A.B. asks: 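Pasting a structure here, questions to come.
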2 protein chains.
Amino acid sequence: MSDLSPNELRVLVAVAEEQSFTRAGARLGMTQSAVSHAVRGSERKLGAVLFERGRQGARATDAGLRASTQARHILRLLDSMGSETRGAAERTVTGTVRIAAFRSAAAGLLPEVLDRLAALHPGLHPQVSIVRDVGRGSAGEVLDANADLGITTVPPTSTVPDGLIFNRLYEERYLLAAPAKAADPRRLPLLDWSENCSSYTRRWWTEQDWLPERRIMVEDDSVVLSMVAAGIGMAVMPHLTLAAPPEGVSVTDLGSTAPTRHLGYVTTPALARTLPVRALIRELRAAHAR
Amino acid sequence: MSDLSPNELRVLVAVAEEQSFTRAGARLGMTQSAVSHAVRGSERKLGAVLFERGRQGARATDAGLRASTQARHILRLLDSMGSETRGAAERTVTGTVRIAAFRSAAAGLLPEVLDRLAALHPGLHPQVSIVRDVGRGSAGEVLDANADLGITTVPPTSTVPDGLIFNRLYEERYLLAAPAKAADPRRLPLLDWSENCSSYTRRWWTEQDWLPERRIMVEDDSVVLSMVAAGIGMAVMPHLTLAAPPEGVSVTDLGSTAPTRHLGYVTTPALARTLPVRALIRELRAAHAR
DNA sequence: CGGCTTCCATGAGCACCGCTCATGCAAGCG
DNA sequence: CGCTTGCATGAGCGGTGCTCATGGAAGCCG
């Protein structure tokens, strides 16, 4: 009987996040003493020191970090059990599903998906968080148990972190976005943004017989778009970003050799079996089919 | 407090598999009565009937089937927590960590750190990007999510951008770099470079009884170094830049009043809780201790 | 240096939870 | 009908996990 009770899990998470026994206790509505006892008990059960106690509170050790992340995962599953089982009985999908997505997916893809989802499952409450699609991206959110499903562009396949499952949704083309008024958009500077994963478009550029004269780095893809609308330059952007181009932006297909990227989702095996996540995945796939 | 205890989860799994309260109890080493109580409690907590009781035992309902599946997942995670956390120390950290550093840190400090990191965590892939330590510097890279951790010199403390955490690594002395052949290096022009944060050395200069006759601004600290080697001038440079001085450069300590700068790192609170970043920070600290 | 504050640790005491035990009840079966 | 085989239920009890009170270590500050 060496596994931790839900309360102990909650304590671990709270302490890891608050970096203090006292604050964690306050947050959970229990005394500092109870937290201390609980942590001590958890450490004994797990056989590792989970927090370094010091003058300024408690910092998670590596073991503590792992444990608290795992604890978040477990608590999430425990939390979903109620709606999950009730849903099975009543044939409804209820509860919460937390989605992490990068900005353009959230703007271009999710509204439709969430509309359908809301229509089909009134009791399901999706939560969307925006994550920059760089670094660990949305997969990191899923790994840390901050999200149930992440929308992501295809990572180098070697990089799919263990413990996650990844599936492709569809392939997405890049298009040319230029000011509608521009006579020869190719003479305009190219607007690029940091999130634009180089490998997708860079390779394509090397095969082109024209190159932009200037390149302007911009913070964000939405800024790129409004700059295009203002006539400042042109850009090669994924279809999703251009789903609803603003006034004054003309979008041109780049032909069959256009650069593409793959869109997909990540989640955990356990979450992939839950009703809300399954319903969401179904709608993500359906959205593309239409 | 509506989530199930590990014991209740075990009971659900056992009953679902044994299709009998009595046998489930026997398997778990408890009485049939306890099983009955536990199942009843679970059903109340989840708000659904999990088993159909009948003459020939208990059959899981749809809800019960789903609950017991979920329970198996959770128990598996709980079970793995022990080994997972115990092994945290020896376990290899995997993933990617993106480091932004200014040139001399990348050249003088990182090789050693990355060597150690590679030895300890073969599955961890560090990526280094060189950033000029002016303007927002490496903190900007972290802010823009282009890097997970930035090596930086101490900013004016008021300037730590919110959302970032900054920590000092160590204090670094400035040294005098002069051509080895120079009879009196103090007569040579002072080579300065734009990245050289004025405040560190300017104050020191005001306290000196000698002043350089001329001052030459150079693009970059590496250029400064090769110009010193060529006998063009002398320079006051941080220790890191002079870690491996080229032929013909003699390095002199400036004594206890030497100007210093503080080296540190910036990252975000969320990233600071991830294992790759923590492993990196640990090695950064260890590198100095040696 | 000594009081003060701010952390966490620890022991005693108590309440409640979850177990067992004993028993009840329903349904099939000779 | 008893008898068997299943689950349900209430009483009672022990251990777990909480609070309360207190202790100890470590910075901080005049």
Side-chain angles (χ1 to χ4, degrees), chain A residues 1-46 48-61 63-64 67-68 71 74-75 78, chain B residues 1-46 48-61 63-65 67-68 71 74-75 78 157 167-168:
Chain A
M1 199 65 50
S2 78
D3 35 32
L4 276 58
S5 74
N7 268 338
E8 286 172 317
L9 298 178
R10 261 185 291 273
V11 168
L12 289 198
V13 171
V15 172
E17 284 177 9
E18 301 285 347
Q19 312 215 357
S20 151
F21 283 28
T22 312
R23 281 197 299 278
R27 168 164 143 187
L28 297 174
M30 53 202 271
T31 59
Q32 167 272 124
S33 171
V35 172
S36 179
H37 283 299
V39 169
R40 217 165 181 68
S42 302
E43 287 180 328
R44 197 160 24 75
K45 286 180 182 175
L46 294 178
V49 176
L50 302 178
F51 298 96
E52 271 168 15
R53 287 87 151 157
R55 178 75 187 74
Q56 46 268 354
R59 281 206 320 279
T61 61
S68 61
I74 295 171
L75 286 171
L78 279 171
Chain B
M1 196 63 55
S2 79
D3 35 34
L4 277 57
S5 73
N7 268 339
E8 285 172 318
L9 297 177
R10 263 186 288 274
V11 168
L12 288 198
V13 171
V15 172
E17 284 176 8
E18 300 286 347
Q19 311 215 0
S20 152
F21 284 26
T22 314
R23 281 196 298 277
R27 167 165 142 187
L28 297 174
M30 54 202 271
T31 61
Q32 166 273 124
S33 171
V35 172
S36 177
H37 282 297
V39 170
R40 210 159 187 71
S42 302
E43 287 180 329
R44 196 159 25 75
K45 286 179 182 176
L46 295 178
V49 177
L50 301 178
F51 298 96
E52 272 167 13
R53 289 83 153 160
R55 179 74 186 77
Q56 50 275 353
R59 276 203 325 277
T61 61
L65 214 56
S68 59
I74 296 172
L75 286 171
L78 278 171
T157 44
N167 275 303
R168 289 188 177 184

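A note on names: the letters A, B, ... follow the listed sequences, proteins ahead of strands, and every chain is numbered from 1. This one's a predicted model, so the numbers in the text were calculated from it and none came from an experiment. Note that these values count all heavy atoms, side chains included, but never hydrogens, waters or copies made by symmetry.
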A.B. asks: Under 4.0 Å between a side-chain N/O of Arg53(B) and OP1 or OP2 of dA8(D), yes or no?
C.D. replies: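 Arg53(B) to dA8(D) OP1/OP2: side-chain N or O found under 4.0 Å.
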A.B. asks: Checking Met30(A) against Asn7(A) for the side-chain contact (heavy atoms from CB on, under 4.5 Å) test, could you report, in this order, the C-alpha distance in whole Å, the side-chain angles of both residues, the deciding distance, and whether it holds?
C.D. replies: CA-CA 11 Å; Met30(A) 53 202 271; Asn7(A) 268 338; over 6 Å; no
A.B. asks: Taking the side chain from Arg59(A) and the backbone from Gly57(A), do they hold a donor-acceptor pair closer than 3.5 Å?
C.D. replies: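 Looks like no, no N/O pair under 3.5 Å.
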A.B. asks: Looking at DNA chain C, which of residues 18-28 of chain A put a heavy atom within less than 4.0 Å of it?
C.D. replies: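 Ser20(A), Phe21(A), Thr22(A), in order of number.
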A.B. asks: Side chains of residues 12-28 of chain A: which donor-acceptor pairs under 3.5 Å do they make with residues two or more places apart or in other chains?
C.D. replies:
residue  : atom : partner  : partner atom : Å
Glu17(A) : OE1  : Arg27(A) : NH1          : 3.2
Glu17(A) : OE1  : Arg27(A) : NH2          : 2.9
Glu17(A) : OE2  : Arg72(A) : NH1          : 2.7
Glu18(A) : OE2  : Arg27(A) : NH1          : 2.9
Ser20(A) : OG   : Thr22(A) : N            : 3.2
Ser20(A) : OG   : Arg23(A) : N            : 3.0
Arg23(A) : NE   : Glu18(A) : O            : 3.3
Arg23(A) : NH2  : Glu18(A) : O            : 2.5

A.B. asks: Of the non-hydrogen atoms in Val49(B) and Thr61(B), which two are nearest, and what is the gap between them?
C.D. replies: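 Between these two residues, the closest heavy atoms are O-OG1, 2.8 Å.
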A.B. asks: Starting at CZ of Arg40(B) and ending at C1' of dG18(C), how long is that distance when rounded to a whole Å?
C.D. replies: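 So the two atoms are 16 Å apart, to the nearest Å.
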A.B. asks: Going 5' to 3' through nucleotides 11-25 of chain D, assign each nucleotide B (protein heavy atom under 4.0 Å from a base atom), S (under 4.0 Å only from sugar-phosphate atoms) or - (no protein heavy atom that close).
C.D. replies: -------SBBB----
A.B. asks: Using only atom types and a distance under 3.5 Å, with no angle test, would you say the side chain of Ser68(A) pairs donor to acceptor with the backbone of Gly64(A)?
C.D. replies: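 Checking the backbone N and O of Gly64(A) against the side chain of Ser68(A), a donor-acceptor pair under 3.5 Å is found.
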A.B. asks: Rounding to a whole Å, what distance do you find between Leu4(B):CG and dC17(C):P?
C.D. replies: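 Between P of dC17(C) and CG of Leu4(B): 15 Å.
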A.B. asks: Using a 3.5 Å distance criterion without hydrogens, assess whether the side chain of Glu43(B) forms a donor-acceptor pair with backbone atoms of Leu50(B).
C.D. replies: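 Such a contact is found between Glu43(B) side chain and Leu50(B) backbone.
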A.B. asks: If you assign Gly54(A) and Gln56(B) each to the DNA chain C nucleotide with the nearest heavy atom, which residue ends up on the more 5' nucleotide?
C.D. replies: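 Counting from the 5' end, the first nearest nucleotide belongs to Gly54(A).
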A.B. asks: Between Ser36(B) and dA8(D), is there a side-chain N or O to OP1/OP2 distance below 4.0 Å?
C.D. replies: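 Yes, such a contact exists.
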A.B. asks: Whole angstrom is fine here: how far is it from CG in Leu50(B) over to C1' in dC7(D)?
C.D. replies: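 Rounding to the nearest Å, CG of Leu50(B) and C1' of dC7(D) are 15 Å apart.
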A.B. asks: Closest heavy-atom contact between Phe51(A) and Ala60(A)?
C.D. replies: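 That closest heavy-atom pairing would be CD2-CA, 3.6 Å.
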A.B. asks: Shortest non-hydrogen contact from Ala63(A) to Ala48(A)?
C.D. replies: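 Smallest heavy-atom distance, with atoms named: CB-CB, 4.1 Å.
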